[in-house]
Number of protein chains: 2
Amino acid sequence: MAKLDLFKFVPFRLNRLGAEVSAALSSEYRARYGLDIPEWRVMATLGFRNEACSAQYIAQCTRTHKSTISRAVTSLLEHGLIERVENADDRREFRLRMTHKGQALYEELIPRLLRREQEILSCLTAQERKEFARLLGKIEDSLDLVQASRPMSEVEAY
Amino acid sequence: MAKLDLFKFVPFRLNRLGAEVSAALSSEYRARYGLDIPEWRVMATLGFRNEACSAQYIAQCTRTHKSTISRAVTSLLEHGLIERVENADDRREFRLRMTHKGQALYEELIPRLLRREQEILSCLTAQERKEFARLLGKIEDSLDLVQASRPMSEVEAY
DNA sequence: TTTAGATAGTTGCAAGTGAGACTATCTCGC
DNA sequence: GCGAGATAGTCTCACTTGCAACTATCTAAA
């Protein structure tokens, strides 16, 4: 009889680990800064890229549904963490960028999150961490999740 | 200025990959067998263990909220895939086990899922797959996710 | 034995999310 | 230029889920 041990089944393990790690990190930006996960993803995308991005671009990068991003953007606008710039070339879309307030929050939050990531990975040696990242990358590539890490210009006709 | 590249940030990558892999697999049991993820987790737990389990135990193993498991159990009962056995020793709890119909579904589904897992991991060599599983295990251990893989008897006083 | 507190499972409620309709705008071919 | 189809972003709806309250039952201690 065919059997499957859920605890050795990689899809289940990835899902469980992803949820666990996300929960561990979200306490950092939720409780402390009032951001939820989609809001954090918008901030992270804007913070990493220097140019202003469209909501669409953020949705593609983070693999988050556009309606979820739209709600996150609305909330961040209301809290004064980001602002919208009209795009004269295409009036359907808006370019988004962080305000000074948003930048300040970002600068304070990032080191905390990086520290948390290091804590989570501290059970691995430096060599193992590297290898883990490499293997993750191979799987991401094969599932075509790489699009996200390509520069903006390759994703869309920017 | 501190920066964080979302696409090199392991928590984000794990979360995204987990969601992606889950989605790929769930099409297998959703479209074909009408199971959702919590229902599949109940079936997987019952199928792997030979004895009947309580809902509580399944919730702990799979790290799924007990109300979610409760709803999944109700649905599986309605579809005749599992059955409940009263526990004379403790009338608060029920032992759950698959019906013949449930077993038949399980037997048909498992090979498909294992094949899918292999497809997803086919981008890695045998050696890499082993190493990936080992590293996943180390992280799970350090996050105390291991409870799930301990035998039933260690989790609860069974 | 009685009672307080723990535990198994269910359910109502509120929050979050994806699908898809919708509006406004753009692009391309005629 | 004009109309068909594509695209950006918003909004409504339905669904899922976690939380917390609730019921029933068990355990332990006075």
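Just so we're clear, the structure is a prediction, and the values are computed from it rather than from any experiment. Below, each value reflects all heavy atoms present in this structure, side chains not excepted, and no hydrogens, waters or symmetry copies. Here is the naming used below: chain letters follow the sequence lines, and residue numbers restart at 1 for every chain.
Per the geometry, CZ belonging to B:R71 stands 8 Å off C1' belonging to C:dT11, to the nearest Å. For the pair B:H65 NE2 and C:dA14 C1', the computed distance is 14 Å after rounding to whole Å. Rounded to whole Å, atom P of D:dT17 lies 9 Å from atom CZ of B:R41. Atom CG in B:D36 sits roughly 11 Å away from atom C1' in D:dC15 (whole-Å rounding). Atom-to-atom, CG of B:L96 to P of C:dG9 comes out at 7 Å; the value is rounded to the nearest Å. Rounded to whole angstrom, the span from the CG atom of B:N87 across to the C1' atom of D:dC26 amounts to 12 Å. Protein atom CZ of B:R30 is 11 Å distant from nucleotide atom C1' of D:dC15, rounded to whole Å. The separation between A:E93 atom CD and C:dA24 atom C1' is 13 Å, rounded to whole Å.
For the pair A:R84 and B:K66, both in contact range of DNA chain D, the more 5′-proximal nearest nucleotide belongs to A:R84.
Contact annotation: A:R92 does not reach the phosphate of C:dA24 (side-chain N/O to OP1 or OP2, under 4.0 Å). Side-chain nitrogen and oxygen atoms of B:T68 include none within less than 4.0 Å of the OP1 or OP2 phosphate oxygen of D:dT16. Distances shown here put a side-chain N or O of B:S70 below 4.0 Å from the OP1 or OP2 atom of C:dT10.
Side-chain proximity of A:D90 to the nucleotides C:dC26, C:dG18, C:dA8 is greatest for C:dC26. When the nucleotides D:dA20, D:dC26, D:dC11 are ranked by their closest atom to the side chain of A:S67, D:dC11 comes out on top.
When all heavy atoms of B:M43 and B:L105 are compared, the pair lying nearest together is CE-CD2, 4.4 Å.
With respect to B:E28 and B:R116, a salt bridge is recorded, a charged nitrogen being found less than 4.0 Å from a carboxylate O. A salt bridge between B:R16 and A:E140 is present, with a side-chain N of the basic residue lying under 4.0 Å from a carboxylate O of the acidic one.
Annotation: the span from A:R84 atom CZ to A:T74 atom OG1 amounts to 7.0 Å, rounded to 0.5 Å.
No single ILVMFWY cluster, assembled from side-chain heavy atoms under 4.5 Å apart, contains both A:M98 and A:F48.
With hydrogens and angles ignored, no donor-acceptor pair under 3.5 angstrom links the side chain of B:R91 to the base of C:dG9.
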